[in-house]
Amino acid sequence: MESTLKIEPINFNSRHLLGVENLSLDEINYLLKLSEKWLEIGRKSKKKHETLRGLTQINLFFEPSTRTQSSFELAGKRLGADVINMSISQSSVTKGETLIDTAITLNAMKPDILVIRHAAAGAAELLSQKVDCSVINAGDGSHEHPTQALLDALTIKRNKGKIEGLKISICGDILHSRVARSNLLLLSKLGAEVSLVAPLTLLSDYMSSYGAKIYTSMEEGIKDADVIMMLRLQNERMSGCYLPSAREYFKYFGLTSDKLSKANKNAIVMHPGPMNRGVEIDSEVADNTQSVIIDQVENGVAVRMAVLEALTLSNNRD
Amino acid sequence: MDKRYSNIVFHNARLIDPLTNLDKMGSLLVTDGIINDIKIGELYPKSDNESKVIDCKGNVLSPGLIDMWVFAGEPGYEHIETLEGVSHAAASGGITTLVCRPDTNPIIDDVALVDYIERRAKEKSLINIHPIAALTKGFKGIEMTEIGLLSEAGALAFSDGYNEIKNARVMRNALIYAKNFDALIMQHNQNKDLSDHGVMNEGKVSLRLGLPGSPAASEIISLERDLRLLELTKSRYHALSISTRGSLDVIKKAKELQLNVTTGISINNLMLNENDIGAYRTFHKLRPPLRTEEDRVSMVEALSNSDLLDVIISSHDPQDTETKRRPFIEAGYGAVGLETLLPAALSIYQENLISLPKLLEKMTINPAKILKLDTGRIAKGYPADIVLFNPDTPWVVIAENLISKCRNTAFEKKKMQGKVVMTMVNGKIIYEAK
């Protein structure tokens with residue numbers, strides 16, 4: 001564990017990671033540095049470490065999620081924690097009251113880390129008020145998804161060497177996306193110039209209060225961009241009162257190589273996954289050399305390891 | 001057939017260009033379908049090999065009329081009306097551009113159908129015809145149509161016709177989505193729940209006739225809600241056809257807030273009132289319903305003395321005799337109107353309530369601006385979509401003499417003043433009075 005010593009641990013303001021909003025710049029940079037370390041270590045054949053040995057991590061997923069859940073599970077296991085997954089089907093849960101009941105029950109089992117994914121915004125916050133351990137928000141409704149934003153920042157930093165001053169376009173269902181919200185907050189804090197691109201039904205008039213530029217034309221919105229971050233369009237938005245059809249969405253807002261040509265020629269293309277090929281992104285673009293979508297997955301594990309380490313280190317020093 | 005001339009000269013014409021408020025005697029030169037020159041007060045030389053000269057005899061030469069709300073039958077109701085038929089009736093009424101309704105069978109809610117109307121109109125119609133597309137799929141009021149793709153295909157506006165969008169959230173999102181494409185949303189304002197099965201204006205007359213009425217509030221509530229949503233979304237909205245004094249107050253407020261709202265009124269609501277229904281005359285069963293005389297007077301007053309009413313429409317809605325020869329409550333709605341739009345509107349001018357350029361503005365440049373059509377002008381460089389009419393010729397409307405296949409006119413035996421002499425579309429004479 002030599003490399004750990006090189007990074008001076010810092011105290012976190014909170015024992016939880018509920019969102020990007022309350023992270024300081026120091027905390028963000030520290031987490032990114034730790035992530036780089038774990039990324040390197042993760043590429044070695046011996047991946048298992050003992051940082052979290054003896055600690056219990058519970059992944060509490062009220063919404064199905066394959067990649068985030070396995071990423072957190074892998075992160076915990078590689079750090080030596082005892083990880084259990086609890087997938088609670090949404091249908092058997094009435095929100096609010098039951099969430100608190102679940103929290104109290106789990107708290108009695110004395111876990112050290114709770115990772116929660118829930119469809120209701122503020123669920124992680126609510127849980128954090130009821131338990132004695134660290135709570136990590138793995139996505140709460142349309143509110144935040146901080147580890148996704150951190151892994152995106154790491155991916156950008158590793159591909160572009162920096163974040164400050166980059167032109168980053170986030171495109172798609174901004175209105176309902178926790179990924180968009182967390183990224184907007186994080187990348188702005190890190191000095192990027194963020195643009196939001198979406199049809200007006202998937203934007204809010206109040207988005208401009210975040211200081212981002214708003215575009216309703218893909219061609220204009222990604223012009224000269226260094227990073228293009230596509231968002232997943234939920235199926236239920238595709239027909240109904242937000243958008244008329246997948247084909248119209250693809251025509252005006254789907255990322256095709258034609259539209260991509262408006263961006264900086266070295267631009268990278270990102271997507272939090274899972275992708276709807278032919279809806280928000282053309283297969284050709286998803287698989288080309290500018291795409292760093294697979295890097296994002298790898299970086300995800302490293303970022304989650306960094307978060308787990310940072311929060312427990314910070315906790316244990318109290 | 002005439003020898004083809006590359007130049008057509010109209011001389012001795014009373015030239016009216018509503019946009020610039022031009023109303024002067026002069027001449028106009030049409031070359032290759034385009035208005036090439038205008039000379040005020042001067043006379044062009046006599047005919048030569050190149051030019052045909054038409055002596056307008058002091059008649060009015062105005063931009064051709066643009067009618068924003070016409071039922072053209074295709075596809076699905078060809079037994080009632082066709083694009084070809086509607087174009088002949090329109091031409092004789094001085095209408096050079098019309099916009100056809102989407103409530104056909106199937107409903108025009110798909111790119112292929114917009115394309116069909118565009119192509120079919122090019123093939124069959126004497127005048128310019130463009131479609132309005134549905135705002136929601138199948139008029140169900142749930143899922144919006146492909147506003148972007150439909151606009152590209154040629155849809156000039158989006159409306160669910162007489163099916164008001166009930167759900168305010170759907171309306172809000174449709175308005176805001178349309179803004180991406182600067183698309184125009186048009187609504188016929190009638191709160192369905194409130195008007196229920198009302199077949200005429202709710203009031204003393206409906207009470208006497210024992211017919212279920214639709215209150216003025218039905219229109220006002222619908223309009224008020226939409227304009228609140230417009231305030232929220234800052235989109236483009238056109239109230240297709242308003243009919244009550246209360247609606248004018250709502251529009252006034254919205255225009256003061258500088259919302260992007262425009263309004264239309266049916267010629268029927270300017271000319272007739274609920275008393276015209278008389279003994280259950282089904283030809284006067286209209287949408288919106290004929291209102292009270294006070295409403296009608298308010299509408300004429302608003303048309304003449306304010307900018308609250310932007311457009312006059314014919315509301316051409318042909319019905320075969322079968323649907324009209326029924327008890328009032330069961331009869332179909334609507335009346336034909338293409339051939340009577342101009343002469344009926346001219347009566348407001350004849351009564352000295354409005355100037356001719358101001359009146360014509362409501363049927364030429366205003367609809368052109370709202371629909372973003374590059375026509376509606378008597379000005380150099382514009383397409384020669386022109387009507388020549390005598391504003392004084394007296395005549396009487398006789399249903400049998402109408403060109404329209406269906407003859408359900410609301411003006412049967414009415415005395416009119418003003419008749420079209422000639423209509424030209426893209427430099428081609430498509431109608432000449434006998």
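So that the names make sense, note that chain A is the first sequence line, chain B the second, and so on, each numbered from 1.
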Mind checking which of residues 171-184 of chain B sit less than 4.5 Å from chain A, heavy atom to heavy atom?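 Expected list: B:N173, B:I176, B:Y177, B:K179, B:N180, B:F181.
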Are there residues of residues 215-234 of chain B whose heavy atoms fall under 4.5 Å of chain A's heavy atoms? If so, which?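 Only B:L232 of residues 215-234 of chain B have a heavy atom under 4.5 Å from chain A.
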Exercise: identify the closest heavy-atom pair between A:T201 and B:M144: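 Closest heavy-atom pair between A:T201 and B:M144: CG2-CE, 4.3 Å.
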How close do B:L149 and A:E248 get, heavy atom to heavy atom, and via which atoms?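 Closest approach of B:L149 to A:E248: N-OE1, 3.0 Å.
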How far does CD of B:E146 sit from CG of A:L243, to the nearest 0.5 angstrom?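 Those atoms lie 11.0 Å apart.
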A:Y242 side, atom OH; B:R169 side, atom CZ - distance, nearest 0.5 Å: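 It is 4.5 Å, given to the nearest 0.5 Å.
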Between B:E152 and A:K251, is the side chain to side chain contact (heavy atoms under 4.5 Å, CB included) condition met? List the steps. CA-CA 12 Å; B:E152 281 190 25; A:K251 164 145 188 182; 2.7 Å; yes
State whether the number of non-hydrogen atoms from other residues, nucleotides or ligands found under 6.0 Å of [X] atom [atom1] is greater than 12.
| X | atom1 | value |
| --- | --- | --- |
| A:K223 | NZ | no |
| B:E256 | CD | yes |
| B:K192 | NZ | yes |
| A:Q129 | CD | yes |

